[in-house]
Amino acid sequence: MDKYYYAQLDENNICIGVSELSGEVDAPNMVKIESFDTSLLNKKYEDRKFIEVPKTEEELKEEKLQELKQKYITLIKEADLLGDVEEKQRLQQEYLQKKAEIENRAL
């Protein structure tokens, strides 16, 4: 049985899904591709190829906030496990300060 692979595009030609189908499809939002390639997700289909979409300022800011949160969660948990209340409070305060700086900064 033949397999057919398609990238499903949204209204902005951004890949929102990859499918493996048993038959061919003729739809304006479906682009035939060589394999089940999930790396195409969130890429834009333009001029018969998939390209990276630049991240918005808001997306970049959100990424920085997530990285900061992960870093401080680990440090705060370690201080808590060691019973170092002062260090835990210092880290919590430092986290809140850095978080506010990122939120208020224009990238």
Side-chain angles (χ1 to χ4, degrees):
M1 184 167 89
D2 288 335
K3 293 180 183 176
Y4 300 87
Y5 303 100
Y6 288 89
Q8 182 182 353
L9 309 177
D10 69 6
E11 63 278 357
N12 298 311
N13 282 346
I14 304 295
C15 180
I16 56 170
V18 176
S19 304
E20 178 183 305
L21 306 173
S22 59
E24 291 195 60
V25 173
D26 183 19
N29 69 327
M30 300 289 276
V31 175
K32 194 170 186 180
I33 55 178
E34 294 295 316
S35 64
F36 192 84
D37 185 356
T38 57
S39 73
L40 299 177
L41 291 169
N42 299 315
K43 290 185 178 177
K44 185 171 187 169
Y45 187 67
E46 188 173 279
D47 298 325
R48 303 177 66 87
K49 61 183 180 247
F50 289 90
I51 58 170
E52 288 288 336
V53 179
K55 292 182 181 177
T56 65
E57 196 171 302
E58 201 55 43
E59 289 170 325
L60 291 170
K61 194 178 277 191
E62 188 57 38
E63 276 184 11
K64 284 184 182 279
L65 287 170
Q66 287 303 319
E67 289 169 11
L68 182 73
K69 183 177 181 180
Q70 285 306 117
K71 174 185 172 186
Y72 275 88
I73 283 174
T74 303
L75 294 171
I76 290 167
K77 281 182 180 179
E78 287 174 358
D80 193 40
L81 283 171
L82 294 171
D84 192 339
V85 177
E86 287 179 20
E87 179 66 2
K88 180 181 172 185
Q89 289 174 342
R90 186 191 70 74
L91 287 166
Q92 287 171 329
Q93 199 61 34
E94 189 176 289
Y95 166 72
L96 292 173
Q97 181 181 0
K98 288 185 179 195
K99 179 179 179 233
E101 287 172 10
I102 291 171
E103 289 173 337
N104 297 323
R105 183 180 345 144
L107 294 174

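Because the structure is a prediction, the values reported are computed rather than measured.
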Under a side-chain separation threshold of 4.5 Å, the hydrophobic residues clustered together with V85 are none

If I take atom [atom1] from residue [X] and atom [atom2] from residue [Y], how far apart are they, to the nearest 0.5 angstrom?
X: L60; Y: E58; atom1: CG; atom2: CD; value: 9.5 Å
X: K64; Y: R105; atom1: NZ; atom2: CZ; value: 6.0 Å
X: S19; Y: I33; atom1: OG; atom2: CD1; value: 8.0 Å
X: E78; Y: L82; atom1: CD; atom2: CG; value: 7.5 Å
X: E20; Y: S35; atom1: CD; atom2: OG; value: 10.5 Å
X: K88; Y: D84; atom1: NZ; atom2: CG; value: 10.5 Å

(Q) For E86, I'd like to know if atom CD has over 12 heavy atoms of other residues, nucleotides or ligands within 6.0 Å. (A) no

Heavy-atom pair with the smallest gap, counting every atom of [X] and [Y]:
X: Y6; Y: M30; value: CB-CE, 3.7 Å
X: S39; Y: K43; value: O-CE, 3.3 Å
X: Y4; Y: E24; value: CE2-CG, 3.1 Å
X: F50; Y: A7; value: CZ-CB, 3.6 Å

Within the side chain of [X], is there an N or O that forms a donor-acceptor pair under 3.5 Å with the backbone of [Y]?
X: D10; Y: N12; value: yes
X: Y45; Y: L9; value: no
X: K61; Y: E103; value: yes

Find out whether E46 and N13 are in side-chain contact, i.e. whether some heavy atom of one side chain is under 4.5 Å from a heavy atom of the other.
->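 A side-chain contact is absent here, since even the closest heavy-atom pair is not under 4.5 Å.
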
Of Q70, E62, K69, the one forming a side-chain hydrogen bond (donor to acceptor under 3.5 Å, both in side chains) with Q66 is E62

- Is R90 salt-bridged to E87, cutoff N-O under 4.0 Å? yes

Residues 73-104 vs ring pair (Phe, Tyr, Trp, His ring centres under 6.0 Å), sequence neighbours excluded, gives Y72-Y95

same_hphob_cluster([X], [Y]) at 4.5 Å side-chain heavy-atom cutoff:
X: I76; Y: L68; result: yes
X: L91; Y: L96; result: yes
X: L75; Y: L65; result: yes
X: L41; Y: Y5; result: yes

